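As structure tokens, the structure follows; a few thoughts come after it.
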Amino acid sequence: MTGKRWNDDVAYVFSTQRVFLRVYGLWPLETQTVFTKIRWGACMIAQFLILPFVIMDLFWGSKDAGSNIECVTYLVSTTIAIIKGLCLTASKKKLATNINAAIDDWISAKDNKETKKIMKKHADRSRILTLALLYSLFICCGAYIAVVIFINLKILFTDEILVDVNTTNWVFMYPSGPLGNLITGSQFAILLPIQVVQAITLSILLCIADCFFFNITIHLTGQLELLKNKFKIFANEPDTEANYRKKFVGLINRHSELMELYENLEDSFHFLILSQLVVTTIMLAMIGLRLNIYLNEKNYIEATKSVLVLNYLLMQSLVYTYGGEYLQKESEGIFHALYTTSWFRLPLTLMKDLHFAMMRSSIPFRLTGGKFFFVNRETMMYIFKTSASYISVLRIAIRKSYNQ
């Protein structure tokens with residue numbers, strides 16, 4: 001049934017997320033088969049197996065602050081990726097409802113140029129973000145893999161101390177503690193490709209889950225904008241009371257449908273958003289500390305890596321806070337549209353109903369982080385302020401330690 005409804009417009013919106021999420025066995029509209037569960041299980045196991053190596057490095061690896069912060073960054077990223085996978089798995093039915101509703105919207109807008117134009121505008125924003133994040137991911141991940149392979153080849157062919165491969169300090173894709181000194185070259189040749197696959201699996205899931213959230217959210221905001229425009233003009237032309245009521249009831253029912261889709265979105269992502277934003281706040285402070293440490297040591301390569309990680313963390317936060325802010329803004333627009341409509345043309349009984357509709361629409365659609373706080377522009381500013389305060393205190397502590 002879904003395949004028959006999958007046209008070019010729907011493919012333009014969801015094709016990228018569909019391709020990657022099907023690889024992970026997380027596409028909500030996919031039929032659950034044995035192979036789907038195997039793919040999902042293999043991806044989750046690959047991510048879980050990163051944790052022992054990182055924990056081993058945290059307890060038995062290098063003891064300098066910069067390396068430990070880097071290790072914590074890998075640990076947190078892996079944990080967040082696992083949480084994203086589990087949240088998408090647990091919310092498949094609700095997300096499938098939203099995607100099916102989006103497909104219906106595109107099919108119904110096929111012959112309406114004005115509606116399609118507004119929907120296309122929102123779809124373009126989502127597609128630009130998705131492609132920008134994916135291309136950035138492929139470039140950065142490819143460069144990182146190439147650097148790791150190059151360093152190991154350099155060790156293999158130019159290390160003068162290399163008498164026995166057991167004595168070589170191999171460089172892994174992610175922190176692995178003293179493991180580099182404990183394995184042979186043949187064992188490392190087996191382990192490195194596995195780590196490459198794990199790193200790619202982790203990176204793509206982190207990226208595509210954010211894009212998927214933004215895509216569904218931005219489509220819902222587009223539908224709210226369309227509804228807002230219809231509320232503005234539904235009473236512009238003189239009509240009978242029966243026709244006015246029919247149009248008004250249709251718009252109210254549509255608002256109720258969008259409210260259900262919003263609740264599905266909130267239930268699916270609220271824990272993920274909480275985890276993401278809390279971790280981002282802490283990691284911004286820690287990466288800022290790492291940047292200060294390496295700038296004081298004049299290690300500009302590691303400082304550059306810290307700047308790139310900071311940019312990535314900020315981008316992740318902006319995806320969720322911008323989506324929440326935009327959704328809230330468009331839902332508030334419904335109230336203003338009802339207020340500015342030609343209500344004086346309506347029959348007296350319908351005016352009273354309009355008042356109740358305004359009361360309900362005055363409560364905007366707000367995404368939350370774990371039901372604790374609203375996710376919008378103010379949240380992002382609070383994250384910046386909190387992180388800046390942590391960095392300021394830690395920078396003073398570092399300066400005092402260097403002076404001593």
Side-chain angles (χ1 to χ4, degrees), residues 94 97-98 101-102 104-106 108-109 112 114-119 121-123 125 213-214 216-270 273 320-369 371-381:
K94 292 182 178 180
T97 302
N98 282 42
D104 292 336
D105 294 335
W106 279 102
S108 63
N112 190 324
E114 188 62 30
T115 299
K116 194 171 182 179
K117 181 180 177 181
I118 294 174
M119 292 174 65
K121 177 185 72 174
H122 291 80
R125 293 182 181 180
F213 160 81
F214 189 78
I216 296 177
T217 304
I218 209 74
H219 177 81
L220 182 56
T221 59
Q223 295 306 305
L224 287 168
E225 183 178 346
L226 290 170
L227 183 62
K228 177 182 68 177
N229 294 339
K230 291 177 181 178
F231 268 122
K232 283 182 180 179
I233 64 173
F234 93 96
N236 285 357
E237 300 294 332
D239 208 337
T240 63
E241 179 177 354
N243 288 338
Y244 273 136
R245 183 167 293 279
K246 183 178 179 181
K247 289 190 287 186
F248 185 67
V249 169
L251 295 176
I252 293 298
N253 289 337
R254 179 57 177 164
H255 187 259
S256 298
E257 292 173 5
L258 296 181
M259 201 181 309
E260 292 178 7
L261 298 178
Y262 152 70
E263 290 172 355
N264 287 343
L265 188 66
E266 164 68 10
D267 293 340
S268 300
F269 289 100
H270 71 89
I273 294 173
Y320 290 100
T321 53
Y322 175 74
E325 173 74 19
Y326 198 24
L327 181 65
Q328 178 180 329
K329 179 181 175 182
E330 289 298 335
S331 64
E332 289 172 345
I334 301 292
F335 173 81
H336 296 293
L338 286 167
Y339 180 77
T340 57
T341 193
S342 302
W343 54 268
F344 49 85
R345 295 178 182 273
L346 300 175
L348 183 60
T349 55
L350 201 56
M351 286 185 188
K352 295 179 180 179
D353 294 339
L354 186 67
H355 178 68
F356 286 112
M358 290 178 67
M359 290 173 60
R360 179 62 189 88
S361 62
S362 64
I363 304 173
F365 294 177
R366 287 177 170 175
L367 296 177
T368 66
K371 309 293 184 181
F372 292 112
F373 55 86
F374 297 123
V375 179
N376 49 33
R377 184 171 49 191
E378 293 179 4
T379 307
M380 194 67 206
M381 294 307 300

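Worth knowing before you read on, the calculation uses all heavy atoms, side chains too, and leaves out hydrogens, waters and symmetry mates. Please read all numbers here as calculations on a predicted model, not as lab measurements.
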Atom of [X], atom of [Y] and distance for their closest heavy-atom approach:
{"X": "L338", "Y": "S361", "value": "CD1-OG, 3.5 Å"}
{"X": "A109", "Y": "T115", "value": "CB-CG2, 3.7 Å"}
{"X": "G369", "Y": "I273", "value": "CA-CG2, 4.1 Å"}

> Would you say R377 has more than 12 foreign heavy atoms packed within less than 6.0 Å of its CZ?
Replying inline: no
>> Other residues, nucleotides and ligands only: do more than 12 of their heavy atoms fall within 6.0 Å of NZ on K247?
In response: yes
> For I252 and V249, what are the C-alpha separation, side-chain angles and deciding distance, and is it a side-chain contact (heavy atoms from CB on, under 4.5 Å)?
Replying inline: CA-CA 5 Å; I252 293 298; V249 169; 5.6 Å; no
Hey, could you give me the [atom1]/[atom2] distance between [X] and [Y], rounded to the nearest 0.5 Å?
{"X": "E257", "Y": "N253", "atom1": "CD", "atom2": "CG", "result": "7.0 Å"}
{"X": "I334", "Y": "K230", "atom1": "CD1", "atom2": "NZ", "result": "10.5 Å"}
{"X": "F373", "Y": "T368", "atom1": "CZ", "atom2": "OG1", "result": "8.0 Å"}

A side-chain contact here means heavy atoms from C-beta on lying under 4.5 Å apart; do [X] and [Y] qualify?
{"X": "E263", "Y": "F365", "answer": "no"}
{"X": "E266", "Y": "K371", "answer": "yes"}
{"X": "K94", "Y": "N98", "answer": "no"}
{"X": "F231", "Y": "T341", "answer": "no"}
{"X": "M259", "Y": "R360", "answer": "yes"}

Can you check whether [Y]'s main-chain N or O pairs, donor with acceptor, with [X]'s side chain at less than 3.5 Å?
{"X": "N376", "Y": "T379", "answer": "yes"}
{"X": "S362", "Y": "F335", "answer": "no"}
{"X": "H122", "Y": "I118", "answer": "yes"}

> Quick check, are the ring centers of Y322 and Y326 under 6.0 angstrom apart?
Replying inline: yes
> Does the ring centre of Y262 sit less than 6.0 Å away from the ring centre of H255?
Replying inline: no
Show me the donor-acceptor pairs, under 3.5 Å and distance only, between side chains in residues 216-224 and residues at least two apart or in other chains.
{"unit_1": "T217", "atom_1": "OG1", "unit_2": "F213", "atom_2": "O", "d": "2.8"}
{"unit_1": "H219", "atom_1": "NE2", "unit_2": "D105", "atom_2": "OD2", "d": "3.0"}
{"unit_1": "T221", "atom_1": "OG1", "unit_2": "I218", "atom_2": "O", "d": "2.5"}
{"unit_1": "Q223", "atom_1": "OE1", "unit_2": "R254", "atom_2": "NH2", "d": "2.8"}

> Can you check side-chain contact (heavy atoms from CB on, under 4.5 Å) on D353 and F248, steps first, answer last?
Replying inline: CA-CA 9 Å; D353 294 339; F248 185 67; 3.9 Å; yes
>> Which residues pass the salt bridge (charged side-chain N to carboxylate O under 4.0 Å, His left out) test with K121, not counting sequence neighbours?
In response: E225
